[in-house]
Amino acid sequence: MTSQEIAACDISRWYRDFEAITFKTEIVQLSPAFVDFLRREGIFLPDNNTVVNDWTSDSENENWDSLSQDEAPQTDHKLPDDDPSLLRIESIFEQPEMGSILPKLNWKCPTDAGWMTLDGSLRCCNLEQILLLIKSSDACMDALNQLVNFAADGTILPFAPTLALRKWTNVDKSMEFRCFIKNRSIIAICQRDRTFYRFLLEMRRSIRDRIVTFFQNHIKDKFPLNDYVIDVYLQGKSKVLLVDFAPFNSETTNAILFDWEELQSDEFATPGREIEVRLLESENIQPDYQARIAGMPYDLVSLAANLGEGRQADADAIVDVLRQANDESK
């Protein structure tokens, strides 16, 4: 996989070409000061913003406000009030047509930080929530650190740190699909949500036909790569929306209901082969356990795992882990 392949899937590179068929998005070029602020240890908010956000209850806010000066977290890592990235983000929230926002850093969404929110979603209503999700996401911070390290080594990259703020839309997870493209042709399609939906089984043909028509009309001859992955959303009875692009690579992209060995086999590359739409066929098939715990603190997962070893979980320890996670989200 090359840097050009990664760059092609960077939303800041492809959004303008596909703006008409995807969710409204505003791109923010991140200043060096903002990048440095994101990479610093701990979660500190700019001075001109409050710690209070829609994810915390009034009692939690009162507890924070009641902390003494000695108890409150201290830091010298300030983000200037006039930082261009900060001002740009704040101006986007002021746009009436945007409303709530889903943040995305270059090619990474902070999906592994969803456990930080009360409803598990990535919906953000203010700057503080964006900072909390991005800084709490290992996936986002790893990607950001890689960009910075490459630049420090003198590597010239065809992209720079950017933050994509996408208009929040309530979607039906059952209608999200991942499509695998090889040699500019779709070779496989599967549902993204690992949940059994009986009604999808009767829609298999229409799902394939709608996605193939959409791909041929809007994407096939416009995207620069030959091999890649797209996520799409089937909205209503006829509309299809592009969600994202990803590299055709096992290191960066989850094959979900397929595995990469079969996707890269000669069988799937056979010309004229019927496109397989793979769905969960039975409610007895459980979602991947790793996917369920991906966003949970490791300490909590470890404590839960001890139950399977015949040891009594320490309830106080679990409470301590949850309290610590709650404290860090303030």
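Please read all numbers here as calculations on a predicted model, not as lab measurements.
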Across all chains, not counting sequence neighbours, the side-chain hydrogen bond (donor to acceptor under 3.5 Å, both in side chains) partners of E276 are R278
OG of S100 to CG of L122, rounded to nearest 0.5 Å, is 12.0 Å
Query raised in the report: If we only count heavy atoms from C-beta on, is the I211 to L234 side-chain gap below 4.5 Å?
Result: yes
The reported gap from CE in M141 to CZ in R39 (rounded to nearest 0.5 angstrom) is 7.0 Å
### Check against side-chain contact (heavy atoms from CB on, under 4.5 Å), R123 and L102
CA-CA 5 Å; R123 181 175 185 173; L102 183 149; over 6 Å; no
Closest non-hydrogen atoms of I134 and P110, given as atom of the first, atom of the second and distance, are CD1-CG, 4.3 Å
Tightest non-hydrogen contact, residues V243 and V232, listed as CG2-C, 3.9 Å
Contacts satisfying side chain to side chain donor-acceptor pair (under 3.5 Å) that involve residues 203-213 (not counting sequence neighbours) are R204-E281, R208-E274
Let me see the working for R192 and D231 under salt bridge (charged side-chain N to carboxylate O under 4.0 Å, His left out), right down to the final yes or no. CA-CA 8 Å; R192 287 190 65 195; D231 290 334; 3.6 Å; yes
Output for pair (R198 CZ, L279 CG), nearest 0.5 Å, gives 13.0 Å
Exercise. Under a 4.5 Å cut-off applied to non-hydrogen side-chain atoms, are L86 and F37 in contact?
Worked result: no
Answer yes or no: is there a donor N or O on one side and an acceptor on the other, between the side chain of Q129 and the main chain of C125, under 3.5 Å? yes
### Query
Any side-chain heavy atom of S174 sitting closer than 4.5 Å to one from T195?
no
Find out whether N249 and D227 are in side-chain contact, i.e. whether some heavy atom of one side chain is under 4.5 Å from a heavy atom of the other.
no
Stepwise side-chain contact (heavy atoms from CB on, under 4.5 Å) check, L163 with I27: CA-CA 6 Å; L163 185 65; I27 306 296; over 6 Å; no
Cluster check M175, L241: I/L/V/M/F/W/Y, side chain < 4.5 angstrom:
yes
side-chain contact (heavy atoms from CB on, under 4.5 Å) for C190 and F258? Distances and angles first, verdict last. CA-CA 8 Å; C190 72; F258 292 96; 3.5 Å; yes
Nearest heavy-atom approach of L200 to I207 is CD2-CD1, 4.0 Å
- Side-chain donor-acceptor pair under 3.5 Å between N183 and S185, yes or no? no
Margin query: Let me check something: do F177 and I187 share a hydrophobic cluster, defined by ILVMFWY side-chain heavy atoms less than 4.5 Å apart, either directly or through other members?
Written below: no
Residues N226 and I181: closest non-hydrogen pair is O-CG2, 3.8 Å
Just by distance, do the side chain of T25 and the backbone of A164 share a donor-acceptor pair under 3.5 Å?
no
message = Does this structure show an ion pair linking D83 with R88, if we count only N-O contacts that are shorter than 4.0 Å?
response = no
> Is the centre of the Y228 ring less than 6.0 Å from the centre of the F180 ring?
Replying inline: no
CD1 of I130 to NZ of K135, rounded to nearest 0.5 Å, is 14.0 Å
*Can you check whether M116's main-chain N or O pairs, donor with acceptor, with S136's side chain at less than 3.5 Å?*
no
Under a 3.5 Å distance rule, please check whether K108 uses its side chain to pair with a backbone N or O of A143 as donor and acceptor. no
Side-chain touch R178/N254, heavy atoms, less than 4.5 angstrom
yes
Note: T169 and F23 closest approach over all heavy atoms is OG1-CD2, 3.6 Å
Could you walk me through whether E26 and K24 pass the salt bridge (charged side-chain N to carboxylate O under 4.0 Å, His left out) test, one step at a time?
CA-CA 7 Å; E26 295 287 348; K24 178 176 175 56; 3.5 Å; yes
| field | Student check: side-chain heavy atoms of L225 and E5 closer than 4.5 Å | value | yes
task = Check the pair T22, R166 against side chain to side chain donor-acceptor pair (under 3.5 Å), reporting the backbone distance first and the verdict last.
result = CA-CA 10 Å; T22 190; R166 316 202 72 182; 2.7 Å; yes
Please tell me whether L257 and V229 are part of a single hydrophobic cluster in this structure, the criterion being side-chain heavy atoms less than 4.5 Å apart. no
Side chains of L131 and L127 in contact at under 4.5 Å (non-hydrogen atoms): yes
*Any donor-acceptor pair under 3.5 Å linking the side chain of E262 with the backbone of D259?*
yes
**Asked** Where do W260 and S265 land on the side-chain contact (heavy atoms from CB on, under 4.5 Å) test, with the steps shown first?
**Response** CA-CA 8 Å; W260 277 105; S265 67; over 6 Å; no
W168 and M98, any side-chain heavy atoms less than 4.5 Å apart:
no
In short, L280 meets L201 closest at the heavy-atom pair O-CD2, 3.8 Å
- Task: Answer yes or no for R273 and F268: cation-pi contact, defined as NZ/CZ to six-membered ring centre under 6.0 Å and angle to ring axis within 45°.
- Result: yes
Rounded to the nearest 0.5 angstrom, the CG-SG distance for D112 and C140 is 7.0 Å
(message) Check whether Y233 forms a cation-pi arrangement with K173 (NZ or CZ under 6.0 Å from the six-membered ring centre, at most 45° off the ring normal).
(response) no
Verify same cluster id: I275, I230 (apolar side-chain graph, 4.5 Å): yes
In this structure, OG1 of T162 is separated from CG of N106 (nearest 0.5 Å) by 3.5 Å
- Message: Starting from I11, can I reach F248 by hopping between I/L/V/M/F/W/Y residues whose side chains sit under 4.5 Å apart?
- Response: no
